[in-house]
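Because only heavy atoms are used, hydrogens play no part in the values below, and waters and symmetry mates are left out as well, while side chains stay in. Chain letters run A, B, ... following the sequence lines, proteins first and then strands; every chain starts at 1.
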There are 2 protein chains.
Amino acid sequence: MNQDNITLLQKHNLSVTAARLAILWAVRQHPHSDADMILKQARQKAGSLSKQAVYDNLHALTQKGIIRSIQPMGHSARYEPNEDDNHHHIVCRSCGHTADIHCEMGKAPCLDPSHTHGFAIDEAEVIFWGLCPSCQTNPVNQSNQTKK
Amino acid sequence: MNQDNITLLQKHNLSVTAARLAILWAVRQHPHSDADMILKQARQKAGSLSKQAVYDNLHALTQKGIIRSIQPMGHSARYEPNEDDNHHHIVCRSCGHTADIHCEMGKAPCLDPSHTHGFAIDEAEVIFWGLCPSCQTNPVNQSNQTKK
DNA sequence: ATAAAAATCTGGACTGAGTCAAGATTATTT
DNA sequence: AAATAATCTTGACTCAGTCCAGATTTTTAT
């Protein structure tokens, strides 16, 4: 329901706009879609919507932890609701199709995932994110992310 | 030495060219550099070198497994020698600086990495790569990679 | 060693994802 | 209801990477 999204946005100190509701709806509708697909979907819900608004909101929602983004090598960024359930992703080398991989929590973290969706897996790519020593004390050189 | 690289290329059925030797050298010199930095480095070694040759060769070398590439969200692709030692990467959210994380093999795969280079880690991103069910039987829809 | 065939390289135009910026519109606060 | 703050629109722009066609270099066959 829409009321859920409204209170969700308010809880995070984000003003409630048609654009935001439509984008949230679109991300839930088709998880793993890219900005362009979200634009198209959300436009139908919202009537009109600019490319920029989509990017602005995807960033805002990501920053608040409401949605999550991944960017598989060679593809544009994909977005999904942030369920905080420690799942990972599997991406098809051939067509780029993306699915979720769930871990069995508590167990050794999943390089032998519990359900592969029929994919033939050949590589597990792991990237850790954080702050390097110099940026911990002096996070000046912001080149991305937390831009505003 | 150069002879090593020459035989390495021959072993993989790649013709030995000045461009390739210079690019290999550059990747070894500064692992985790992007195409543009490799272009600049390799140009110094090779005299002249086109952007396209860099991309062509980075792809060829990657395909043969001689080098490896990663593409952290929001950054251009980075290249490194493929040492086949099952290491992963850590990327600074603030400045993009990238370092290697080595696993202790045989142990539960490393979401608690052995040496963090002083990074403050806040997320482990895992992407599995492979072929989806439909592309296993019919890998027609090549949108990337093995383009030629 | 040499010619023919195959692979690679060059340069320049182009694509597509994403960003910038300034003015207009919409939400929120008072 | 007015003032302020946040968001949205439009359009130009950047940057990584690709496409293409002709020129050059490397390899293979003689």
- Interface with DNA chain D, restricted to residues 13-29 of chain B and to heavy atoms under 4.0 Å: B/Ser15, B/Val16, B/Thr17

- Item | Length of the CG-C1' vector between B/Leu9 and D/dT27, whole Å | 14 Å

- Using a 4.5 Å cut-off on heavy atoms from C-beta on, say whether the side chain of A/Glu80 contacts that of A/Asp100. yes

- Query: Between B/Arg93 and B/Asp122, is there a salt bridge with N-O shorter than 4.0 Å?
  - Reply: yes

- Task: Check whether any side-chain heavy atom of B/Ile121 sits under 4.5 Å from a side-chain heavy atom of A/Trp129, and report yes or no.
- Result: no

- Please examine the side chains of A/Gln10 and A/Leu14, heavy atoms only from C-beta on, and report whether any two atoms are closer than 4.5 Å. no

- Query: Using a heavy-atom distance cut-off of less than 4.0 Å, which residues of residues 50-58 of chain B contact DNA chain C?
  - Reply: B/Ser50, B/Gln52, B/Ala53, B/Asn57

- Message: Please confirm whether the shortest side-chain N or O distance from A/Ser76 to OP1 or OP2 of C/dG16 is below 4.0 Å.
- Response: no

- Message: Restricting to ring pair (Phe, Tyr, Trp, His ring centres under 6.0 Å), what partner residues turn up for B/His89, sequence neighbours left out?
- Response: B/His32, B/His87

- Please report, rounded to the nearest Å, how far the P atom of D/dT27 is from the NE2 atom of B/His12. 16 Å

- From CG of B/Leu49 across to P of C/dG11 the rounded distance in Å is 10 Å

- Would you say B/Cys92 and B/Phe119 make side-chain contact, with heavy atoms under 4.5 Å? yes

- Task: Calculate the interatomic distance between B/Leu61 atom CG and C/dT8 atom C1'; express it in whole Å.
- Result: 13 Å

- Item | Gap separating the NE2 atom of B/His30 from the NZ atom of B/Lys40, nearest 0.5 angstrom | 12.0 Å

- Side chain proximity check, B/Arg78 to B/Ser33, heavy atoms < 4.5 angstrom: no

- Should A/Leu9 and A/Leu21 count as side-chain neighbours, where that means a heavy-atom distance under 4.5 Å? yes

- Message: Both B/Gln10 and B/Gln71 contact DNA chain D. Which one's nearest nucleotide lies toward the 5' end?
- Response: B/Gln71

- Decide side-chain contact (heavy atoms from CB on, under 4.5 Å) for B/Ile38 and B/Val27; before the verdict, give the C-alpha distance in whole Å, the side-chain angles of both, and the deciding distance to 0.1 Å. CA-CA 7 Å; B/Ile38 291 167; B/Val27 170; 3.8 Å; yes

- Task: Give the intermediate values and the outcome of side-chain contact (heavy atoms from CB on, under 4.5 Å) for residues A/Arg43 and A/Ser48.
- Result: CA-CA 5 Å; A/Arg43 253 186 194 153; A/Ser48 85; 5.7 Å; no

- Query: Charged N to carboxylate O under 4.0 angstrom, A/Glu125 versus B/Arg68?
  - Reply: no

- Message: Check this one for me: any side-chain N or O of B/His59 less than 4.0 Å away from OP1 or OP2 of D/dG17?
- Response: no

- Within residues 36-47 of chain A, find the residues that approach DNA chain D with a heavy atom at under 4.0 Å, and present them sorted by residue number. none

- Task: Using atom CD1 of B/Ile6 as one end and atom P of D/dT25 as the other, report the distance to the nearest whole Å.
- Result: 18 Å

- Message: Would the distance check show the side chain of B/Asp34 and the main-chain N or O of B/Ala77 forming a donor-acceptor pair, the cut-off being under 3.5 Å?
- Response: no

Hey, can you pull the donor-acceptor pairs under 3.5 Å for the side chains in residues 53-61 of chain A, sequence neighbours left out?
| unit_1 | atom_1 | unit_2 | atom_2 | d |
| --- | --- | --- | --- | --- |
| A/Asp56 | OD1 | A/Gln52 | NE2 | 3.1 |
| A/Asn57 | OD1 | A/Arg20 | NE | 2.8 |
| A/Asn57 | OD1 | A/Arg20 | NH2 | 3.3 |
| A/Asn57 | ND2 | A/Ala53 | O | 3.0 |
| A/His59 | ND1 | A/Tyr55 | O | 3.4 |

- What is the nucleic acid contact for B/Ala60, judged by heavy atoms within less than 4.0 Å: base, sugar-phosphate only, or nothing? nothing

- Message: What stems show up for DNA chain C when you take Watson-Crick pairs (N1-N3 plus N6-O4 or O6-N4) and G-U wobbles (N1-O2, O6-N3), both under 3.5 Å, and require three or more consecutive pairs?
- Response: C:1-30 with D:1-30

